[in-house]
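Below is one structure; the comments refer to it alone.
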Number of protein chains: 2
Amino acid sequence: MRTKIHDVARSARVSPTTVSRAFVRPALLRADTLERVLAAAKALDYHPNRAASSLSTGKTGNIGIVVPDLSNPFYPAIVRGAQLRAHQAGYAVLLVDSDEDPDAESSLTHTLAKQADGVIVCAPFASDSQLRRLAQKTAIVLVNRRLGGVAAVLMDVAHGMRQAVSHLHALGHRRCAYLGGPRASWSNRERLRGLHAGIRAKGMTLLEFGPFEPKFDGGLEGAERVIGSGVTAVIAYNDLMALGVLSHFASSGVCVPREISVVGFDDLLFASMSAPPLTTVSMPMEAAGRAAVELLLARLTGDDGGAVNATPSDLELATQLIARGTTAPPPAISSFAGCGAREGAAISRTPAE
Amino acid sequence: MRTKIHDVARSARVSPTTVSRAFVRPALLRADTLERVLAAAKALDYHPNRAASSLSTGKTGNIGIVVPDLSNPFYPAIVRGAQLRAHQAGYAVLLVDSDEDPDAESSLTHTLAKQADGVIVCAPFASDSQLRRLAQKTAIVLVNRRLGGVAAVLMDVAHGMRQAVSHLHALGHRRCAYLGGPRASWSNRERLRGLHAGIRAKGMTLLEFGPFEPKFDGGLEGAERVIGSGVTAVIAYNDLMALGVLSHFASSGVCVPREISVVGFDDLLFASMSAPPLTTVSMPMEAAGRAAVELLLARLTGDDGGAVNATPSDLELATQLIARGTTAPPPAISSFAGCGAREGAAISRTPAE
DNA sequence: ATGAAAGCGCTAACAC
DNA sequence: GTGTTAGCGCTTTCAT
């Protein structure tokens, strides 16, 4: 049987109350008492029982995090940031993968809410009203989703997008395509907002395609649609799609970046590993995880522990364009420069032919 | 204030015990009583308080999982499998990222152990004795690590390696290189075991390099060492390294697979997205996560809930070679076939020159 | 600065 | 099949 508070109390010749205080409010004890208690606790290898203290205080010491799909490389990074920060603050992290089910997103969050003091919610699919209801019952922080009155960590996607457009414009591009992601998602709308602003400011022409599934296959599909559209650059909703675009172009003998430039979003680990390495807008995923915990902690520590409280301050994190190998000046009309052969099909476009 | 068991009891005109049983051992109640209680509970939106029941039963209903690094794409997959399976079984999942710190691996597991009924441990760095001590205190299941007397989920890496060697041999390769990962890790030793067996069986020649950091940069480094060694094929410790190898070869103008074949391990999401797509040995990561939970559950449900118990049955999961685009017959001595140009340097090796 | 006593909400013997 | 009773181990007024 594990040692309990009473054992330590006896050993340190104090009351259980004092032992409890030694862990919860050390400041209340006289230095020597504290020391004695701590020593006894250590000697007996005492650790407070979480269930018991939870029952007593009503706090669990846990925070929950819900993500739509852990196999999407975007999310583990957020989880990692959150876990590391939460751990620093002495909180444990309960993780749930909602498997991209909109209803699961909210029902699982409800479940989590009962076992955690607050929860971080990455729920691109759940409805606004579901989330509002959640926010009523528990402290929640949204990630990359804006909902009036609910705290959120946002990434300044629109700004990243404008940087991307400027980058392309500076290289000489005038006509470009956007391969869209989930139409209704905040992420996609923000990209479009920045995109339209950028395109207008630079007087460029935009072709919009999609929505596509925001994965490799979606990129394959999108690339197919882009070919022959006369654009000299493609911006994809995310890196996964951009990688699909790259792949389709490679096997169609379209040379990147000589014939067409490609820009992604996210800066996943693999963005820098592709050939050529992907130009992309980096998203501060780990930082977002950390920030979400920060916001939650502030809320939990704040005066009231209640449900709805004053203006929750949203946090907006910066994004940044990382120019790598998939962007270059557009081909001059007159010059005909191929890529060199890659996979049979490409050969028909090399200068050697 | 949330509704408690007593409220439901009153509303259903039964004792609190009966309400409790309705949730824990429904079979003990008469059908109509059960129904009445459940109805009352639903009407009052009653949910048992986890802390209270934990305190009473000594069970938390949580399982923990420790991984060394969530930003290594190998681990999120395991976590995902574990989370999904645990959730099915009614368990919540506590996640910890040990940030590759050997001591953290074991100390964090200890911490987790106090809040979970059992923990799944991916700890490539912790020492055997640390893990043994852990196993003494809690139910643990190791992943990809074998330790006498401790339950483990293993992947049959050696078999996958033999398949890889056979594949290369069948293509005509006779001389190949292995770029090693962490020297002491079970994963690396198993690969070597399969590798040596395969090489010997086929009468091939093996060059071993490393250890390298099992990441992209390690692959870059390894590739450099391989060039000029006269091998026609390279097997990398994992996909991350293989991708590094591919990248280095591409920028050195070495054509894959025409001049040299490359094989990875893991079959990460990105293995199929590289150009050319990577031939690799697929590891059943999600399945391993699920299996680990299975093993843990068996242990928790089993007769004794105690620490050390009878022969824990290890589970070995199959691995499989996925032949894709980075393996091909070795170049015939006489024929000189390039890749076509890719990046300036490559041009000097194309037939056109 | 420290202690005594009363719960926190639920479960598990043990009766009936 | 259902109720009574006694904790699970800790925190917290309230006294001293």
Side-chain angles (χ1 to χ4, degrees), chain A residues 1-41 44-62 90 92 113-117 300 305, chain B residues 1-41 44-62 90 92 111 113-117 300-301 305:
Chain A
M1 163 134 294
R2 260 173 48 185
T3 66
K4 346 184 283 165
I5 205 168
H6 183 77
D7 305 323
V8 180
R10 232 179 355 157
S11 155
R13 321 194 125 270
V14 295
S15 75
T17 310
T18 303
V19 178
S20 174
R21 287 203 262 252
F23 288 90
V24 191
R25 277 191 183 335
L28 293 188
L29 302 192
R30 225 173 40 210
D32 62 320
T33 317
L34 176 59
E35 196 178 351
R36 191 153 38 94
V37 171
L38 260 21
L44 299 178
D45 189 34
Y46 167 77
H47 298 274
N49 176 318
R50 304 242 340 184
S53 74
S54 285
L55 180 55
S56 199
T57 59
K59 264 89 190 62
T60 62
N62 299 330
K114 295 183 319 205
Q115 313 176 54
D117 298 336
L300 297 177
Chain B
M1 164 136 294
R2 258 173 48 184
T3 68
K4 349 185 281 164
I5 204 168
H6 183 76
D7 305 323
V8 180
R10 230 177 358 155
S11 153
R13 321 195 126 271
V14 294
S15 77
T17 312
T18 302
V19 178
S20 173
R21 286 203 263 253
F23 288 90
V24 190
R25 274 188 186 337
L28 293 188
L29 301 191
R30 225 175 37 213
D32 62 319
T33 319
L34 176 59
E35 198 179 347
R36 191 153 38 97
V37 172
L38 260 23
L44 299 177
D45 190 34
Y46 167 76
H47 298 275
N49 175 319
R50 307 263 306 206
S53 78
S54 286
L55 179 55
S56 198
T57 60
K59 265 89 189 63
T60 62
N62 299 330
T111 311
K114 296 184 318 205
Q115 314 177 52
D117 299 335
L300 297 177
T301 309

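Side chains are part of it too, since the values below use all heavy atoms of this structure and drop only hydrogens, waters and symmetry mates. Convention: sequence-line order gives letters A, B, ...; per-chain numbering from 1.
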Review point. Taking the side chain of T57(A) as its heavy atoms from C-beta onward, which of dT11(D), dC10(C), dC10(D) lies nearest to it?
Key: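 The answer is dT11(D), which lies nearest to the side chain.
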
Study note, to complete from the structure: Among dA1(C), dT11(C), dG9(D), the one nearest any side-chain atom of T33(A) is dA1(C)

What is the separation between atom [atom1] on [X] and atom [atom2] on [N], rounded to the nearest whole Å?
X       : N       : atom1 : atom2 : result
Q115(B) : dG9(D)  : CD    : P     : 17 Å
H6(A)   : dG3(C)  : NE2   : P     : 13 Å
N49(B)  : dC8(D)  : CG    : C1'   : 13 Å
F23(A)  : dC10(D) : CZ    : P     : 9 Å
R36(A)  : dT2(C)  : CZ    : C1'   : 11 Å
R30(B)  : dG3(D)  : CZ    : C1'   : 14 Å
R10(B)  : dG3(D)  : CZ    : C1'   : 17 Å
I5(B)   : dC8(D)  : CD1   : P     : 18 Å

Between [X] and [N], is there a side-chain N or O to OP1/OP2 distance below 4.0 Å?
X      : N       : answer
S20(B) : dC10(C) : no
T18(B) : dG3(D)  : yes
R21(A) : dA1(C)  : no
S56(A) : dC8(C)  : no

Practice item. Between A52(B) and S15(B), name the one whose nearest nucleotide on DNA chain D is closer to the 5' end. Key: S15(B)

Review point. Touch check for Y46(A), heavy atoms < 4.0 angstrom, all strands: base, sugar-phosphate only, or nothing?
Key: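 The residue Y46(A) makes sugar-phosphate contact but no base contact.
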
Practice item. Tell me what V19(B) touches on the nucleic acid: a base, only sugar-phosphate, or nothing, going by heavy atoms under 4.0 Å. Key: nothing

Practice item. Quick one: closest heavy-atom pair of H47(B) and R2(B), and the distance? Key: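 In terms of heavy atoms, the two residues are closest at O-NH2, 3.6 Å.
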
Point to revise | Shortest non-hydrogen separation from T60(A) to S54(A) and the atoms involved | key: CA-OG, 3.6 Å

Exercise for review: Check if the side chain of T17(B) and the base of dT4(D) share a donor-acceptor pair of N or O atoms closer than 3.5 Å.
Suggested key: yes

**Study point:** Base of dG9(C) paired with side chain of R2(B) (donor-acceptor, under 3.5 Å)
**Key:** no

Check your understanding: Are R10(A) and D7(A) close enough for a salt bridge, meaning some N to O gap below 4.0 Å?
Key ->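 A salt bridge is present here (some side-chain N lies under 4.0 Å from a carboxylate O).
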
Point to revise | Contacts of T17(B) that satisfy side chain to side chain contact (heavy atoms under 4.5 Å, CB included) - sequence neighbours left out | key: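 So T17(B) forms a side chain to side chain contact (heavy atoms under 4.5 Å, CB included) with S15(B), R21(B).
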
Could you pull out all donor-acceptor pairs under 3.5 Å where a side-chain atom in residues 31-41 of chain B meets a protein atom, sequence neighbours excluded?
unit_1: D32(B); atom_1: OD1; unit_2: R30(B); atom_2: NE; d: 3.1
unit_1: R36(B); atom_1: NH1; unit_2: A12(B); atom_2: O; d: 2.5

